[in-house]
Amino acid sequence: MTDKKGKEGNETPIEAFNEASQALAESLSAAQERNLKYAQSVFESTMALLRDHAESARSTLKQWEQQAQKQHIDPKVAENYSSLFRAPLTAFQQTLEVVETASHESIESFKKATESFEKALQQGREQLEETARKAQRTFTEPEK
């Protein structure tokens, strides 16, 4: 612990700023990664829930059709009712597929943005370190 205090005492303001910037960049990068994982988790659980609802609706419709056959309902009437219930289910399924595709594309875009952000952070960090080194040399070189 004394070594750390001693080191901090010898540290220049530029070095301290550089370390703080490095810590900030790492923190931002980690937060971005957590955000991506959270978005993926929300997407996956939402899509699973919607698929379960669609499957439940299909199952209910199938049970209704079987019940209609057992009760000897006129096939034309049964088909009309089935079509009436099948239409929104089909629309829901199509919407679900579109949402899933759009969400996958959004997640991919978010991943690419995260990669670009991390690359920009790395470049900024490198530029900052180079600037800090130049400033350090300027302050430590004796004036002529």
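As the structure is a prediction and not an experimental result, all values here were calculated from the model.
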J.: Can you name the residues that form a side-chain contact (heavy atoms from CB on, under 4.5 Å) with D74, not counting sequence neighbours?
T.: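 Here the qualifying residues are K76, V77.
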J.: For I107 and L36, work out which heavy atoms get closest and say how close.
T.: O-CD1, 4.3 Å
J.: Walk me through it: do T101 and E97 pass the test side chain to side chain donor-acceptor pair (under 3.5 Å)?
T.: CA-CA 6 Å; T101 300; E97 290 169 5; over 6 Å; no
J.: Has T95 got a side-chain atom pairing as donor or acceptor with A91's backbone, closer than 3.5 angstrom?
T.: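 Such a contact is found between T95 side chain and A91 backbone.
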J.: Please collect all salt bridge (Lys or Arg N to Asp or Glu O under 4.0 Å) contacts where either partner lies in residues 37-55, sequence neighbours excluded, each pair once.
T.: R51-E100, E55-R58
J.: Let me confirm one number: the CD-CZ distance from E115 to F110, rounded to the nearest 0.5 Å.
T.: 11.5 Å
J.: Which distance, rounded to the nearest 0.5 Å, do you find between the OG1 of T114 and the NZ of K112?
T.: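 So the OG1 of T114 and the NZ of K112 are separated by 12.0 Å.
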J.: Report the distance from atom NZ of K111 to atom OG of S106, rounding to the nearest 0.5 Å.
T.: 12.5 Å
J.: Let me check something: any side-chain donor-acceptor pairs from residues 59-66 under 3.5 Å, sequence neighbours excluded? List them with distances.
T.:
unit_1: T60; atom_1: OG1; unit_2: S56; atom_2: O; d: 2.9
unit_1: E65; atom_1: OE2; unit_2: S82; atom_2: OG; d: 3.1
unit_1: E65; atom_1: OE2; unit_2: R86; atom_2: NH2; d: 2.2

J.: With no hydrogens and no angle check, do the side chains of T131 and Q127 hold a donor and an acceptor under 3.5 Å apart?
T.: no
J.: Taking only residues two or more places apart in sequence, or in another chain, which ones meet E105 in a side chain to side chain donor-acceptor pair (under 3.5 Å)?
T.: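 Expected list: none.
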J.: Under 6.0 Å between the ring centres of F43 and H104?
T.: yes
J.: In Å, rounded to the nearest 0.5 Å, how long is the span from CD of Q93 to CG of L50?
T.: 10.0 Å
J.: Could you state the interatomic distance from OG (S116) to CD (Q123), rounded to the nearest 0.5 Å?
T.: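 Spacing of OG (S116) from CD (Q123) equals 10.0 Å.
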J.: Give a yes-or-no answer on whether the side chains of E118 and Q122 include a donor-acceptor pair shorter than 3.5 Å.
T.: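 No.
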J.: Applying side chain to side chain donor-acceptor pair (under 3.5 Å), can you list everything that pairs with E130, at least two apart in sequence or on another chain?
T.: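 E130: side chain to side chain donor-acceptor pair (under 3.5 Å) contacts with R133.
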J.: Measuring from L84:CG to L89:CG, what's the distance to the nearest 0.5 Å?
T.: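 The CG atom of L84 sits 12.0 Å away from the CG atom of L89.
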J.: Looking at residues at least two apart in the chain, or sitting in another chain, which of them share a side chain to side chain donor-acceptor pair (under 3.5 Å) with Q32?
T.: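 Partners of Q32 under the side chain to side chain donor-acceptor pair (under 3.5 Å) test: none.
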J.: Within a strict 4.5 Å, meaning less than it, do heavy atoms of the V99 and M47 side chains meet?
T.: yes
